[in-house]
Every structure is written in structure tokens, then in C-alpha cells.
Amino acid sequence: MAKEITSREEDYSKWYLDIVRKAGLADNSAVRGCMVIKPTGYAIWENMRDQLDKMFKETGHVNAYFPLFIPKSFLSKEADHVEGFAKECAVVTHHRLMNNPDGSGVVVDPSAKLEEELIVRPTSETIIWNTYKDWINSYRDLPLLINQWANVVRWEMRTRPFLRTAEFLWQEGHTAHATSQEAIEESQLIHEVYARFAEDYMAMPVIKGAKSANERFAGAVETYTIEALMQDGKALQAGTSHFLGQNFAKAFDVKYLNSANKEEYVWATSWGVSTRLVGGLIMTHSDDEGLVLPPKLAPTQVVIVPIPKPSPEIMEVAAKIKKELNAHGVSVKIDEDAKKRPGFKFAEYEMKGVPVRIGIGKRDLEKNQVEVARRDTKTKESHSLDGIATHVVELLDVIQSNLFNKAKQFRDDMTSEANDFKTFEELINDKGGFVSAHWDGTVESELKIKELTKATLRCIPNDAVEESGKDLISGAPSSKRVLFAKAY
RNA sequence: CGGGGCGUAGCGCAGUCCGGUUAGCGCACCUGUUUUGGGAACAGGGGGUCGCAGGUUCGAAUCCUGCCGCCCCGACCA
């Protein structure tokens, strides 16, 4: 009633913004393109971060922190890299303000101009490789496996909460290796970690694959990507892992002595995922009633609502259930608000995406039971108080896998094949989703398709089967299919 | 950067065309009463430099000039 969400069918973009706002995830801020991440939104990010951090550490990485600012000269050392980021950098030119002589506030003090401008990092390859130069001398210093959790700034023309903001939070891994093979394996390992995180924790199915040269990260030799499909049929690049070859080692002169006492350039990778994942999470599962969160990432997994309001008997049972669930590692909130009515609370927690709601009323207690409601299916059932904790723990698992299966079913339904351009165009325009088609490997065909349909080459899937076919544009022979889609 | 739209209470809006008592409505908020198993009702109450700066006028949210900001759609991008 009071908090209607625009339906997905009516306006998908508005629906997304409504969810972000009404579920209390983020607000626009006083700064154009920058959002305020509110406690609930940040809690989701924290859960993502904690899990990813654990996975990085399990695969041998450690965290460090590098400066927010990068000397301008650093950015120009790798040609492709600067080309890729130059257009969207924030630049610091001065270091002091002063009172305006006319009394109208503060102005930049012209005498405080910096010798060399500083760039607010859009990504940290350059400052990190400049540092690695000092850290790496011998093959015994390798591999160097470092990650940092940080904020970066990319001055985007058009922004949307989580999906694209001028400032965003992310992690960026930067590793150095003695051999090309080892670096490639590292980038593929992280690619796997990202895919596993997306599927097992976010319940978001992804296609693993490589980027075309055209879509590659600025300065990379190879970019591996995980691509997810949103409910409006558009693809979302959810995480990328790059094999950087020796590009940055050469640009920053990072060499090591091998065991034969011979000097060699090191091999590099970099990889990152950002708060964009929160946007992907929202768009993968949520519905017209509000946010839907997979249990593994939900800040509150279970909410207990006393019906019609808290009473000593109900609160006693609620506290007992909470304690048991906490013992299983489940996060539980008991709603103690005596003023709001149950119906209001039900709608509110649905809006906020809490996976399981337990309703406890006098009538339930008389029958030694409670009401258990699922957010994903919007169904509810009564369950005996005996064994309730175990039941809920199992239910959370069921919800987690149901969300994944539902999303995967959708993704599969929305993946089509096209063998000629006309079919391709119709699929992209009318149906959306991924379209699998043959491609001759040239940037010309890829750009032509983008120009004609706005679809981009999302990836060359790892599991693409060998199969002879013809490029949609040039008709040139191709040995496997690649995936196209309109993307965020 | 192109196109469109909007700035009036925390949020959503009306009022602006055609200037005129004390700027209004819904939600939210505070107090009270009655309620309470799917978004309660009633009563009372608090909250506004009407985006900013000039100008016209006896009088400006309203007319004029300039500026600023934000949102949406595109191109660019994680």
C-alpha cells in the first residue's frame, strides 16, 4: 500500500531503483554519482567481503593496502592502460583551501598547486607495480600474492546504485610470478574462485569464459570473466581476472634473478570484484514484492514476529528459538516493536528480503507450533516447536538452492542459438538473454554486431564445444560458438 | 556530452498558466484512546530560508533574467 514497488514489467529500471531505496540498501548522496551505502546494503557487502576474503586466504593470498593517490606519471607508463582509464579519472591538483577574500566561503589556494598532479586511483596496477619493483629481487620472492580491499573512483557519465557508481568498493588482487604458466594458472584459479562464490553464495549462475581482445581489460593479455544474466535479459559482468603477461613488469622495470642467476621480467595477474555484485544479487533474485536474498548472504536470515505483539509467553519462546538458531550460526532478529501490526511487519520484511520469517501467536503456542514463511516462494506452513531450529536450518539450505536453480533455469531458458544474423537480431531484440553464435575472431565482426544490435561479445565460454560454423557477419569459418548479449 | 524531466516538510506530490489572507495534501514522525493472526481507526500535535541570486511589484512559490543541482533515457564503462 504505502510502499508500492514499481513492477518489473512496467519499468525494470525503476523497479531496481525502488528496491534499492525501499529495502534500505543505499541512497543518493550529495555527490553526483556517489551513493551512500546504508547499513543493510553494507551488511550484504560485508558478508560478501568476508566470504571472498576467506577464499582468497585459503588460496594463499594476503591483504595489504596501497595509496588512494597515484602520481600522474605512473599512469602513462603502460600505454593501453592509460588509454583505457584516462577519460574517467579524478585529478587532485591542489592541497589547500583558503577563505575567499570577498568573504563568500572557501576557495582553492592558488599557491598550493601540486608539482605533479595526483590521480585518484581508478585501479591500482601502476602504484602497486611501482612498489613491487622494490619488493622483488629473486625468484625466492615469488610468487607474490597480494590482495587489497579498497575504494576506487571512475568518473562515469551515467551511474546507477551499485551497478555503476563514480566511487565503488572492491577488492583487487595483484600477483607476480616467475613464469607465464604460473601466472595464467593464478588468473584461472581466481576465475574459479569467483565463479564458485557467485554460484554457491550469491546463488547466481555464471558463464565462465574469456573476453575477446576488444573487451579485454586495458593492459591485459587475457581477461577471464564470469557473466551472469539479469531478469530483464541483460548480461552483467560480475568479476574479471586478468593475465597481464609482462606488460606491467616491463613498464615498471620489475625483474628478478632466476636460479641460474639470470635476470628476467616477472609475470603478472590482477583481478577484482566490486560492490556491483550487490546490484547483481538484487537483480538476480528479487521480485515485485521487494528484495530477495540468498540465505548465505542475508544480514538477517530469520526474523521472528510476535503475533499480534510481544507478550511474555511469546517472547520466551522467541528467545529460545533465537538461541538455538544462533547456536547453528543463523542470524536472527526478534521484532519487539509493539506498535506496528503483524501485517505491516510481514510486508516490511518481505521488502527487505529476509529469507525466513517465523510468526508466533497465542493460537500457535496452544498447539505447540509456529508459523514458518519463506521469502523465496512466499509460502508458509506450521511447524512443531520440537525440532524447529533444525527445520529452519535445513529450510535455509533449501531456499539457497531453490534460488540458484530458479536463476539457472531462467538463464538457460534465456540462452538461445543463432546461425544467421537475422535470427540473431530477432533474438537479441525480442527475447534478450544470451545468444550463442559463431564468430570469426575478428574485431570487425564484433564491432559490427555491436553497432547493429547493441549486443556485445560477453565471452568465449570455457566449455564451448568444437563445432564448425560461419561468422554471422563475414561468413568466415569459425570453430566454436561465443556468447553475445546486451549488457549492463 | 546529446535528449527529456524535475527542484515546495524526511519521502511522494498539489498549488505556478491567470501574483493577493496564516502555503496545502498523502505517507512518515510525536502524544493519547480504542484496536491487533497480512500494510488499523479516531483525535490532537511538531516540522517549510517554496534550489540559489538578482529584478518587476503595494505585494512573488507564482512574472522576468541569470546561475546551480538532481533524476531518467542514450553514447562510454566494472
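Sequence lines set the chain letters: A, B, ... in the order given, protein chains first and strands last, and positions in each chain run from 1. Computed over heavy atoms, backbone and side chain alike; hydrogens, waters and symmetry mates excluded.
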>> Given the ring of A/Phe346, does A/Arg357 sit roughly above its face, with NZ or CZ under 6.0 Å from the centre of the six-membered ring and within 45° of the axis?
In response: yes

> Whom does B/rG7 pair with, Watson-Crick or G-U wobble, provided both distances fall under 3.5 Å?
Replying inline: B/rC68

>> Within the 3.5 Å criterion, strictly below it, is a donor on A/Gln148 or A/Tyr65 matched to an acceptor on the partner's side chain?
In response: no

>> Mind checking if A/Phe217 touches a base, just sugar-phosphate, or nothing, with heavy atoms under 4.0 Å?
In response: nothing

Tabulate below the donor-acceptor pairs under 3.5 Å that side-chain atoms of residues 160-169 of chain A make, not counting sequence neighbours, or state none.
| residue | atom | partner | partner atom | Å |
| --- | --- | --- | --- | --- |
| A/Arg160 | NH2 | A/Ser13 | OG | 2.9 |
| A/Thr165 | OG1 | A/Glu167 | O | 2.7 |
| A/Glu167 | OE2 | A/Asn151 | ND2 | 2.8 |

>> Closest-nucleotide mapping onto RNA chain B: is A/Ala218 or A/Lys345 further toward the 5' terminus? I mean the 5' end.
In response: A/Lys345

> At under 4.0 Å between heavy atoms, what does A/Thr165 touch on the DNA or RNA strands: base, sugar-phosphate, or nothing?
Replying inline: base

> Quick one: A/Asp18 CG to B/rG12 C1', roughly how many Å, whole number?
Replying inline: 12 Å

> Donor-acceptor pair under 3.5 Å: do we get one between A/Glu348's side chain and the base of B/rG38?
Replying inline: no

> Should B/rU35 form a Watson-Crick or G-U wobble pair with both distances under 3.5 Å, which nucleotide is its partner?
Replying inline: none

> What does A/Glu350 touch in the nucleic acid at a heavy-atom separation under 4.0 angstrom: a base, only the sugar-phosphate, or nothing?
Replying inline: base

Grab the N/O contacts between the protein and nucleotides 30-36 of chain B below 3.5 Å, and write none if there aren't any.
| residue | atom | partner | partner atom | Å |
| --- | --- | --- | --- | --- |
| B/rU36 | O4 | A/Lys309 | NZ | 2.6 |

> Does any nucleotide pair with B/rU49 by Watson-Crick or G-U wobble geometry, both distances under 3.5 Å, and what is it?
Replying inline: none

> So which of residues 279-296 of chain A are in contact with RNA chain B, with a heavy-atom cut-off of under 4.0 Å?
Replying inline: none

> Across all strands shown, which nucleotide pairs with B/rA23 by Watson-Crick or G-U wobble geometry, both distances under 3.5 Å?
Replying inline: none

> By side chain to side chain donor-acceptor pair (under 3.5 Å), which residues pair with A/Glu83, not counting sequence neighbours?
Replying inline: none

>> If we count only N and O atoms by modelled type, under 3.5 Å, do the side chains of A/Thr175 and A/Thr269 hold a donor and an acceptor together?
In response: yes

> Given that both distances must come in under 3.5 Å, which nucleotide forms a Watson-Crick or G-U wobble pair with B/rG2?
Replying inline: B/rC73

> Taking atom types as modelled and ignoring hydrogens, do the side chains of A/Glu381 and A/His391 form a donor-acceptor contact shorter than 3.5 angstrom?
Replying inline: yes

>> Give me the distance, rounded to whole Å, that separates B/rG2 from B/rG38 when you measure between the C1' atoms they each carry.
In response: 48 Å

>> Looking at A/Arg121 and A/Phe66, would you say the former's side chain and the latter's main chain have a donor-acceptor pair under 3.5 Å?
In response: yes

> Who passes salt bridge (charged side-chain N to carboxylate O under 4.0 Å, His left out) against A/Lys87, sequence neighbours left out?
Replying inline: none

>> Evaluate A/Lys309 against A/Glu336 for salt bridge (Lys or Arg N to Asp or Glu O under 4.0 Å), listing each step before the verdict.
In response: CA-CA 8 Å; A/Lys309 64 177 179 180; A/Glu336 302 187 36; over 6 Å; no

> How far, in whole Å, is B/rG5 from B/rU65 if one measures between their C1' atoms?
Replying inline: 22 Å

Show the distances under 3.5 angstrom between N or O atoms of the protein and N or O atoms of nucleotides 68-77 of chain B.
| residue | atom | partner | partner atom | Å |
| --- | --- | --- | --- | --- |
| B/rC70 | OP1 | A/Arg32 | N | 3.4 |
| B/rC73 | OP1 | A/Ser13 | OG | 2.6 |
| B/rC73 | OP2 | A/Arg158 | NH1 | 2.6 |
| B/rC73 | OP2 | A/Arg158 | NH2 | 2.7 |
| B/rC77 | O2' | A/Glu156 | OE2 | 3.0 |
| B/rC77 | O2 | A/Arg164 | NE | 2.0 |
| B/rC77 | O2 | A/Arg164 | NH2 | 2.9 |
| B/rC77 | N3 | A/Arg164 | NE | 3.1 |
| B/rC77 | N3 | A/Arg164 | NH1 | 3.4 |
| B/rC77 | N3 | A/Arg164 | NH2 | 2.3 |

> Is there a Watson-Crick or G-U wobble partner for B/rU56 with both distances under 3.5 Å, and which nucleotide is it?
Replying inline: none

> Which base sits across from B/rG44 as a Watson-Crick or G-U pair, both distances under 3.5 Å?
Replying inline: B/rC30

> How far does the C1' atom of B/rC27 sit from the matching atom of B/rC72, given to the nearest Å?
Replying inline: 24 Å

>> Say we look at B/rU16 and B/rG24: how far apart would their C1' atoms be, to the nearest angstrom?
In response: 14 Å

> If we take the C1' atom in both B/rG74 and B/rG59, what is their distance in whole Å?
Replying inline: 46 Å

> Judged by modelled atom types alone, do A/Thr131 and A/Trp129 share a side-chain donor-acceptor pair under 3.5 Å?
Replying inline: no

> Can A/Asp337 and A/Lys345 be counted as an ion pair, charged N to O under 4.0 angstrom?
Replying inline: no

>> If I pick the P atom on B/rA75 and the same atom on B/rC68, what distance separates them, to the nearest angstrom?
In response: 27 Å

>> Quick one about A/Tyr349 and A/Asp335 (side-chain donor to acceptor, distance below 3.5 Å, no hydrogens or angles considered), yes or no?
In response: yes

> Are any of the side-chain nitrogens in A/Glu289 or A/Arg375 under 4.0 Å away from the carboxylate oxygens of its partner?
Replying inline: no

>> Does the structure show a Watson-Crick or G-U wobble partner for B/rU16, both distances under 3.5 Å? Name it, or say none.
In response: none

